*Asks:* 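My questions all concern the structure below.
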Protein chains: 2
Amino acid sequence: MEPNVYDRKCGSRQVLDRIGDRWSVLVVLTLADGVKRYGDLARRIDGISQKMLTQTLRGLERDGLLTREVHASVPPRVDYALTDLGRSLLDLVSGLEVWATSHLAEVEAARARYDAR
Amino acid sequence: MEPNVYDRKCGSRQVLDRIGDRWSVLVVLTLADGVKRYGDLARRIDGISQKMLTQTLRGLERDGLLTREVHASVPPRVDYALTDLGRSLLDLVSGLEVWATSHLAEVEAARARYDAR
DNA sequence: CAGCATCCTTGGCGATACTG
DNA sequence: CAGTATCGCCAAGGATGCTG
């Protein structure tokens with residue numbers, strides 16, 4: 001039978017949580033244009049803490065959305081890149097980004113209207 | 001200038017948070033096929049508490065994604081429906097649902113592989 | 001550079017009880 | 001039926017300090 005996101009015990013619900021996660025979305029978006037180092041990601045994603053970045057990267061790696069490649073060099077260098085599975089999510093998450101930016105004005109207008117009542 | 005989701009102070013970041021929110025996604029999805037009453041939503045979305053349902057509905061109403069219509073009857077009846085803005089989000093959120101269900105197996109396989117290392 | 005470990009706080013969220 | 005109000009917890013997440 002089909003997985004059902006409305007069922008809290010269904011794994012698809014957890015998957016939905018992960019791909020909807022604020023930090024996950026931003027990490028995947030940042031990796032859209034290719035391989036990035038840890039520091040690149042940290043610098044690009046404003047407001048993310050080291051802890052959350054590491055945690056998000058591990059979660060995405062565990063779920064098969066990105067790869068983590070450690071280069072034995074001094075200083076250390078770790079590259080992150082989307083897998084095929086991760087890339088299959090790109091249209092969706094960039095769609096979210098586009099929606100958020102392109103409808104921001106409407107949302108803010110709606111808020112102003114709501115708060116003024 | 002364009003809103004930028006990478007900037008934590010940009011409103012588009014908050015919008016992204018809202019439309020990515022687990023409960024928001026499920027509420028919008030549930031309203032995809034038309035008007036629903038409070039109880040319908042509560043019953044459909046497994047695991048949501050009254051508090052979170054109300055809170056999510058208020059947030060979505062405030063942001064202009066759905067309308068709340070109170071009917072003065074006994075017993076009370078409150079209808080929720082997507083606005084045009086909310087409907088503009090439908091393709092995206094149902095895309096998320098489809099992705100979550102259709103890639104669930106791959107994600108679980110990746111997890112098993114990761115955990116077995 | 002790329003983390004890991006630890007402490008600590010906040011507020012998200014559930015549970016419960018009550019109401020128009 | 002569709003909420004509001006209150007309490008209480010615990011886990012998400014930030015800040016700091018340390019390391020291979």
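Letters A, B, ... are given to chains in the order of the sequence lines, protein chains preceding strands, and every chain is numbered from 1. Note that the structure is a prediction, hence the values are computed from the model and not measured.
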*Asks:* I want to check one thing: is the phosphate of D/dG3, taken as OP1 and OP2, less than 4.0 Å away from some side-chain N or O of B/R68?
*Replies:*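 Indeed, a polar side-chain atom of B/R68 lies that close.
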*Asks:* May I ask you to decide whether B/D79 forms a salt bridge with B/K36, counting only side-chain N to carboxylate O separations under 4.0 Å?
*Replies:*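 Result for this pair is no, no salt bridge flagged.
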*Asks:* Got a donor-acceptor contact below 3.5 angstrom from the B/R13 side chain to the B/V5 backbone?
*Replies:*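 Such a contact is found between B/R13 side chain and B/V5 backbone.
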*Asks:* Identify the two heavy atoms, one from B/Y38 and one from B/Q50, that lie closest to each other, and give their separation to 0.1 Å.
*Replies:*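 Nearest pair, atom of B/Y38 first, then B/Q50: OH-O, 3.4 Å.
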*Asks:* For the pair B/D63 and A/R111, evaluate side chain to side chain contact (heavy atoms under 4.5 Å, CB included) and give the outcome as yes or no after the intermediate values.
*Replies:* CA-CA 5 Å; B/D63 285 0; A/R111 277 186 201 162; 2.7 Å; yes
*Asks:* Separation of B/L53 atom CG from D/dA2 atom P, in whole Å?
*Replies:* 10 Å
*Asks:* Please check this pair: side chain of A/S24 against backbone of A/R18, looking for a donor-acceptor N/O pair closer than 3.5 Å.
*Replies:* yes
*Asks:* Measure from the side-chain heavy atoms of A/P76 and tell me the nearest of C/dA2, D/dG20, D/dT4.
*Replies:*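 That would be D/dG20.
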*Asks:* Under a 4.0 Å threshold between the charged nitrogen and the carboxylate oxygen, would B/D84 count as salt-bridged to B/R87?
*Replies:*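 Yes, charged N to carboxylate O under 4.0 Å.
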*Asks:* To the nearest 10°, give me the bend of the helix from C/dC1-D/dG20 to C/dG20-D/dC1, comparing the axes of its five terminal pairs at either end.
*Replies:* 60°
*Asks:* What is the distance, rounded to the nearest whole Å, between atom CG of B/L41 and atom C1' of D/dG3?
*Replies:*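 Value for this atom pair: 13 Å.
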*Asks:* Can you see which heavy atom on A/L92 is nearest to which on B/G95, and at what distance?
*Replies:* CD2-O, 3.3 Å
*Asks:* I need the CZ-P distance between B/R58 and D/dA5, as an integer number of Å.
*Replies:*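 Roughly 11 Å, once rounded to whole Å.
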*Asks:* Where do A/Y6 and B/L26 come nearest, in terms of heavy atoms and distance?
*Replies:*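 Between these two residues, the closest heavy atoms are CE2-O, 4.0 Å.
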*Asks:* Take the protein atom CG of A/L57 and the nucleotide atom C1' of C/dA2, then report the distance between them rounded to whole Å.
*Replies:* 11 Å
*Asks:* With a 4.0 Å cutoff (strictly under), does any side-chain N or O of B/Y80 reach OP1 or OP2 of D/dG3?
*Replies:* yes
*Asks:* It should be established whether A/R37 places a side-chain nitrogen or oxygen under 4.0 Å from OP1 or OP2 of nucleotide C/dA2.
*Replies:*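 A/R37 to C/dA2 OP1/OP2: side-chain N or O found under 4.0 Å.
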*Asks:* I'd like a list of close polar pairs between nucleotides 12-16 of chain D and the protein, N/O only, cut-off under 3.5 Å.
*Replies:*
| residue | atom | partner | partner atom | Å |
| --- | --- | --- | --- | --- |
| D/dG13 | N7 | A/K51 | NZ | 2.7 |
| D/dG13 | O6 | A/K51 | NZ | 3.4 |
| D/dG14 | OP2 | A/S49 | OG | 2.7 |
| D/dG14 | O6 | A/K51 | NZ | 2.8 |

*Asks:* Starting from P on D/dG20, measure out to OH on A/Y38 and report it in whole angstrom.
*Replies:*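 Going from A/Y38 (OH) to D/dG20 (P), I get 18 Å.
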*Asks:* Taking A/K51's backbone N and O only, do any of them form a donor-acceptor pair with A/T54's side chain (distance below 3.5 Å, no angle check)?
*Replies:* no
